[in-house]
There are 2 protein chains.
Amino acid sequence: MLQDLDKTLQQKGVRPTAMRLLVLDYLLKQPAAVSLSDLEAYFHRADRITLYRSLKTFEGKGLVHSIDDGSGAVKYALCPDDCTTLEHHDLHVHFFCSQCRETFCLPKSRIPDIALPEKFKTEEVNLLVKGTCGTCSG
Amino acid sequence: MLQDLDKTLQQKGVRPTAMRLLVLDYLLKQPAAVSLSDLEAYFHRADRITLYRSLKTFEGKGLVHSIDDGSGAVKYALCPDDCTTLEHHDLHVHFFCSQCRETFCLPKSRIPDIALPEKFKTEEVNLLVKGTCGTCSG
DNA sequence: GTTAAAATGCAATGCCATTGCAGAGCATGC
DNA sequence: GCATGCTCTGCAATGGCATTGCATTTTAAC
């Protein structure tokens with residue numbers, strides 16, 4: 001099973017070390033985006049900095065994207081398959097639940113085009129919806 | 001002139017102290033959102049904490065809204081007149097220029113409705129566009 | 001196996017937001 | 001005008017998070 005993860009990393013140009021495989025495996029199992037602190041809490045034997053750099057490496061290679069949900073800590077979530085190093089296709093909506101403080105990717109909710117003033121050029125769009133998620137409102 | 005500002009503050013339920021009048025006056029003159037550090041740099045004789053609390057008071061009374069543009073520091077900008085304490089109507093787009101690192105409110109670009117999954121409830125929507133602003137791309 | 005490059009672990013730093021507390025300023029009632 | 005109480009201000013301190021430098025270990029290449 002970790003074999004698959006190994007391949008995934010290789011395909012993205014990330015050297016598959018033990019730590020990185022564990023981190024990737026963990027990320028795959030999460031329903032919500034995770035912060036560095038989440039990771040640190042789970043891998044309590046691992047060094048915070050190593051986890052930090054794993055995430056940064058993943059992000060640089062288009063494996064995960066980072067989300068600033070305003071909670072104070074940046075969170076990370078796996079990218080869809082069509083992300084590349086050069087261009088992140090995380091043009092989906094992120095949802096922050098103010099109850100459980102979890103952040104979810106909503107890949108089905110695409111970000112509509114935004115009309116900008118003359119001469120303004122778009123490079124990136126972040127759309128964050130805050131509210132109550134399905135679980136908490138149920 | 002500061003008379004008007006005085007009235008503005010009173011109407012919002014904020015006691016018009018000398019410091020607050022100066023801060024409000026400064027905010028009115030800014031074309032872009034300002035961070036606490038900006039304020040501190042401008043009022044180099046004032047205490048950072050007092051400025052911080054002025055902004056927080058303004059925010060609580062619906063005079064300004066805060067913007068997290070991902071630059072690391074929260075920025076503040078004046079609200080349109082129809083903001084109240086209870087409900088912020090800053091449902092406009094914010095634009096962060098990656099060249100000059102300024103953040104602008106784009107009141108004319110309204111945020112479209114976002115389709116959410118079943119049982120998700122929206123409380124607030126933040127839409128941040130990153131790119132190059134008119135001045136920097138000109 | 002040797003060697004070079006990359007990853008890790010530890011320490012340290014810096015920035016920003018936030019709070020507690022004491023003193024100063026202001027408004028109100030007498 | 002003066003005392004009282006509330007609000008604002010300024011200083012000090014704290015805590016969280018991101019980030020970097022450096023020495024060591026691990027991995028890949030030859």
Side-chain angles (χ1 to χ4, degrees), chain A residues 2-3 5-26 33-61 63-76 85 96 101 103, chain B residues 2 5-7 9-10 12-26 33-61 63-77 85 96 101 103:
Chain A
L2 286 180
Q3 306 286 21
L5 304 184
D6 202 303
K7 269 190 188 168
T8 304
L9 289 180
Q10 301 245 20
Q11 279 170 7
K12 296 282 184 175
V14 179
R15 284 163 77 166
T17 67
M19 194 74 250
R20 286 171 178 173
L21 288 171
L22 290 172
V23 171
L24 178 57
D25 182 52
Y26 177 76
V34 300
S35 68
L36 177 56
S37 297
D38 293 335
L39 223 46
E40 194 188 7
Y42 183 76
F43 296 106
H44 48 279
R45 302 191 48 178
D47 186 58
R48 179 183 185 86
I49 312 300
T50 302
L51 296 170
Y52 170 75
R53 281 193 267 230
S54 295
L55 289 173
K56 282 295 179 188
T57 301
F58 286 3
E59 186 186 14
K61 299 291 186 175
L63 210 53
V64 304
H65 60 275
S66 60
I67 310 158
D68 185 347
D69 61 7
S71 69
V74 177
K75 291 180 181 170
Y76 299 85
T85 306
F96 176 75
R101 301 188 68 77
T103 299
Chain B
L2 286 181
L5 304 185
D6 201 302
K7 267 189 189 166
L9 288 181
Q10 301 246 20
K12 295 283 184 175
V14 179
R15 283 163 78 167
T17 68
M19 194 73 250
R20 288 172 178 172
L21 287 170
L22 289 172
V23 171
L24 178 57
D25 182 53
Y26 177 77
V34 301
S35 67
L36 177 57
S37 297
D38 293 335
L39 223 47
E40 195 187 7
Y42 183 75
F43 296 107
H44 48 280
R45 302 191 47 179
D47 185 57
R48 179 183 183 86
I49 311 301
T50 302
L51 296 170
Y52 170 75
R53 281 193 267 229
S54 295
L55 289 173
K56 281 296 179 188
T57 302
F58 286 2
E59 188 185 14
K61 298 291 186 174
L63 210 51
V64 304
H65 60 275
S66 59
I67 310 158
D68 186 347
D69 61 7
S71 68
V74 176
K75 291 180 181 168
Y76 298 85
T85 306
F96 176 74
R101 302 188 68 78
T103 299

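Just so we're clear, the structure is a prediction, and the values are computed from it rather than from any experiment. Every chain is numbered from 1 and lettered A, B, ... according to where its sequence line falls, protein lines coming before strand lines.
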- [ ] Start with the C-alpha gap between A:Leu24 and A:Val14, add the side-chain angles, then the distance that decides, and say whether side-chain contact (heavy atoms from CB on, under 4.5 Å) holds.
- [x] CA-CA 11 Å; A:Leu24 178 57; A:Val14 179; over 6 Å; no
Open item on the list: Do A:Ile67 and A:Val74 make a side-chain contact, defined as non-hydrogen atoms from C-beta onward lying under 4.5 Å apart?
Closed with: no
Open item on the list: Can you confirm whether A:Gln10 sits close enough to A:Pro16 that some side-chain heavy atom of one is under 4.5 Å from a side-chain heavy atom of the other?
Closed with: yes
Can you tell me how far apart [atom1] ([X]) and [atom2] ([Y]) are? Round to the nearest 0.5 Å.
X	Y	atom1	atom2	value
A:Leu9	A:Thr17	CG	OG1	8.0 Å
A:Arg20	A:Arg15	CZ	CZ	7.5 Å
B:Glu59	B:Leu55	CD	CG	8.5 Å
A:Leu36	A:Tyr76	CG	OH	7.0 Å
B:Thr57	B:Leu63	OG1	CG	10.0 Å

Open item on the list: Tell me if a side-chain donor or acceptor on A:Asp38 pairs with a main-chain N or O of A:Ser35 at a distance below 3.5 Å.
Closed with: yes
Sort me out a list of protein N/O and nucleotides 2-6 of chain C N/O pairs below 3.5 Å, or just none if empty.
| residue | atom | partner | partner atom | Å |
| --- | --- | --- | --- | --- |
| C:dA6 | O4' | A:Arg15 | NH1 | 2.9 |
| C:dA6 | O3' | A:Arg15 | NH1 | 3.3 |

Task: Derivation of the side-chain contact (heavy atoms from CB on, under 4.5 Å) call for A:Lys12 and A:Phe58 - done: CA-CA 9 Å; A:Lys12 296 282 184 175; A:Phe58 286 3; over 6 Å; no
Task: Sugar-phosphate only, base, or nothing, as touched by A:Ser37 at under 4.0 Å among non-hydrogen atoms - done: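 It contacts sugar-phosphate atoms only.
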TODO: Please list, chain by chain and in numerical order, all residues satisfying side chain to side chain donor-acceptor pair (under 3.5 Å) with B:Ser71, sequence neighbours excluded.
DONE: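 For B:Ser71, the residues satisfying side chain to side chain donor-acceptor pair (under 3.5 Å) (neighbours in sequence not counted) are B:Asp69.
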Open item on the list: Can you see if the side chain of A:Thr17 gets near the phosphate of C:dT8 - specifically, an N or O under 4.0 Å from OP1 or OP2?
Closed with: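 So the side-chain polar atoms of A:Thr17 do come within 4.0 Å of the phosphate oxygens OP1 or OP2 of C:dT8, strictly under.
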- [ ] For B:Met19 and B:Leu51, run side-chain contact (heavy atoms from CB on, under 4.5 Å): C-alpha distance rounded to whole Å, both residues' side-chain angles, the deciding distance at 0.1 Å, then the answer.
- [x] CA-CA 8 Å; B:Met19 194 73 250; B:Leu51 296 170; 3.9 Å; yes
Separation of atom [atom1] in [X] from atom [atom2] in [N], rounded to whole Å:
X	N	atom1	atom2	result
A:Leu22	C:dA7	CG	C1'	15 Å
A:Leu36	C:dG9	CG	C1'	14 Å
A:Lys56	C:dA7	NZ	P	16 Å

Task: Interface limits on DNA chain D, where chain B has a heavy atom under 4.0 Å of a nucleotide atom - done: D:dT7 to D:dA12
With a cut-off of 3.5 Å and sequence neighbours excluded, list every side-chain donor-acceptor pair involving residues 40-50 of chain A.
| residue | atom | partner | partner atom | Å |
| --- | --- | --- | --- | --- |
| A:Glu40 | OE1 | A:Arg48 | NH1 | 2.3 |
| A:His44 | ND1 | A:Tyr42 | O | 3.4 |
| A:Asp47 | OD2 | A:Ile49 | N | 3.2 |

Open item on the list: What residues from residues 43-54 of chain B pass a heavy-atom cutoff of under 4.0 Å to DNA chain C?
Closed with: B:Arg48, B:Ile49, B:Tyr52, B:Arg53
Task: Bend angle of the helix from C:dG1-D:dC30 to C:dC30-D:dG1, end axes from five pairs each (to 10°) - done: 30°
